[in-house]
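Within every chain, numbering begins at 1; the chains are lettered A, B, ... in the order of the sequence lines, protein sequences first and strands thereafter.
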Protein chains: 2
Amino acid sequence: MTGTRGYHHGDLRRVLLAAAVRVIEESGPAALSLRDLARRAGVSHAAPAHHFGDKSGLLTALATEGYRLLAEALHAAGGDLLDRGVAYVGFAVDHRAHFEVMFRPDLYRCDAHELVAARQRAGDALHSGVAALPEGRPTAQDPQGDALAAWSIVHGFATLWLSGALPPRVGDDPRAAARDVIHRLFPRP
Amino acid sequence: MTGTRGYHHGDLRRVLLAAAVRVIEESGPAALSLRDLARRAGVSHAAPAHHFGDKSGLLTALATEGYRLLAEALHAAGGDLLDRGVAYVGFAVDHRAHFEVMFRPDLYRCDAHELVAARQRAGDALHSGVAALPEGRPTAQDPQGDALAAWSIVHGFATLWLSGALPPRVGDDPRAAARDVIHRLFPRP
DNA sequence: GGCGTGAACTTGTCAATGGAAAGATATGAT
DNA sequence: ATCATATCTTTCCATTGACAAGTTCACGCC
């Protein structure tokens, strides 16, 4: 509730995070500037400090939000491991700013309270998908190894896609390409 | 070949790159400062500009060196795909500074001439390993898909390892853990 | 030997940034 | 109405990247 143009912005925290997402999507996390965010929000350059303390505080909030969104996306994808893997890649593509920050621990305080909790939940969502694999497969006695392999392959595909390192031949539909790749790790009976 | 303390440093370029590697390994690419590198090398704050133009020039040089080292490491690993995958992860762990910069195109000029060439060679080394897979496997008709899956899984594992996101249960030997993960993608006959 | 050309490096400077300190203003509870 | 607090502003400082102009050195050439 605000929109009022007064001394108080009213929604600064959310506006700053949204602006940060836009900047990172356009130019990467290295180009992020608190003063630039403040300018975009129409407030003084010191206003962000009140909400986030410092730059790493803002990125901590962004990473926390990212882990929450990731956990949501994984749950929404249903119980199938293949679908969850595709959802992981889809999250990275749809929220590339969050994703890029989440796995750069040098940019934020990775021991922050809320962040640790959110990451835990996302990790649980990731692992519980492996439990739904068929029982008869060869590696059924080591579900944690399966989980690590699944995480590696979707995370690697997502990272390579975002970095632009993949050849054009892969196409322009990350979810379809990801599905094909994951399928090689867990072939369907 | 100098060591002389005169006006000319003599080996500044290499010394700056080495210092950059140390800084990035300790604190990540975000903490890199040209002035700090100059201080460590004992030269004036503007000396690095002569060799690299600007900061992204230095990181371009670092990424190029990284792709060269990666191509070397892959070739040295022999023709077996499993060994090459392990070598990829080993490179990422042993040269984490190079690796972290290589896949951050926002940090350097990814259209630089020497860099494109070095990356091309590393990519070839990566793909030629897939050709050595046994003929009878189910996905033999799509070697490019196999290459993409292999690249994804080793790149993902390496990235997760470096970011510290993996649970301690994985152990402290990245090559052994990587071998196990890759083995799930390409089971041995 | 002297000379000049250019590479390597220094000094000086500027705008932008992150961060801290201290003041101003609005909000809401009592 | 009053006051405590959260929110935002203004002012200030050290650091950084980048640029310009000057200084020192190395080396080929006559």
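- A salt bridge is defined here as a Lys NZ or Arg NE, NH1 or NH2 lying under 4.0 Å from an Asp or Glu carboxylate O, and B:D173 with B:R175 fails to meet this definition.
- In this structure, a donor-acceptor pair under 3.5 Å is absent between the side chains of B:S33 and B:R39.
- Here the straight-line distance linking atom CZ of B:R14 with atom CG of B:L16 works out to 12.0 Å at 0.5 Å rounding.
- Ion pairing of B:R104 with B:D106 is present here, as a side-chain N (NZ or NE/NH1/NH2) and a carboxylate O approach within less than 4.0 Å.
- Between A:L107 atom CG and A:L59 atom CG the span is 6.0 Å, to the nearest 0.5 Å.
- Rounded to whole angstrom, the span from the CG atom of B:L34 across to the P atom of D:dT16 amounts to 10 Å.
- Hydrophobic clustering (side-chain heavy atoms under 4.5 Å, transitive across Ile, Leu, Val, Met, Phe, Trp, Tyr) keeps B:V15 apart from B:L62.
- A:R109 contributes no side-chain N or O that, together with a main-chain N or O of A:T60, makes up a donor-acceptor pair within less than 3.5 Å.
- Contacts between residues 48-57 of chain B and DNA chain D, defined by a heavy-atom separation below 4.0 Å, involve B:D54, B:K55, listed by number.
- Under the 4.5 Å side-chain criterion, counting only non-hydrogen atoms from C-beta, B:L166 is in contact with A:W151.
- For the pair B:L12 CG and D:dC25 P, the interatomic distance rounds to 16 Å; values are reported in whole Å.
- The NE2 atom of B:H155 sits 5.0 Å away from atom OG1 of A:T159, with the distance rounded to the nearest 0.5 Å.
- Across residues 21-32 of chain B, not one residue has a non-hydrogen atom less than 4.0 Å from an atom of DNA chain C.
- If you take CG of B:L59 and P of D:dA18, they are 10 Å apart, rounded to a whole angstrom.
- Going from atom CG of B:L58 over to atom CG of B:L34 covers 6.0 Å, rounded to the nearest 0.5 Å.
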Polar atoms only, N or O, under 3.5 Å: list the protein pairs with nucleotides 11-16 of chain C and their distances.
residue: C:dG12; atom: O6; partner: B:H45; partner atom: NE2; Å: 2.7

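- The distance between atom CZ of B:R14 and atom P of C:dA8, rounded to the nearest whole Å, is 14 Å.
- By the 30° and 60° cut-offs, the orientation of the rings of B:F91 relative to B:F99 is perpendicular.
- Between A:R40 atom CZ and C:dT17 atom C1' the separation is 15 Å, expressed in whole Å.
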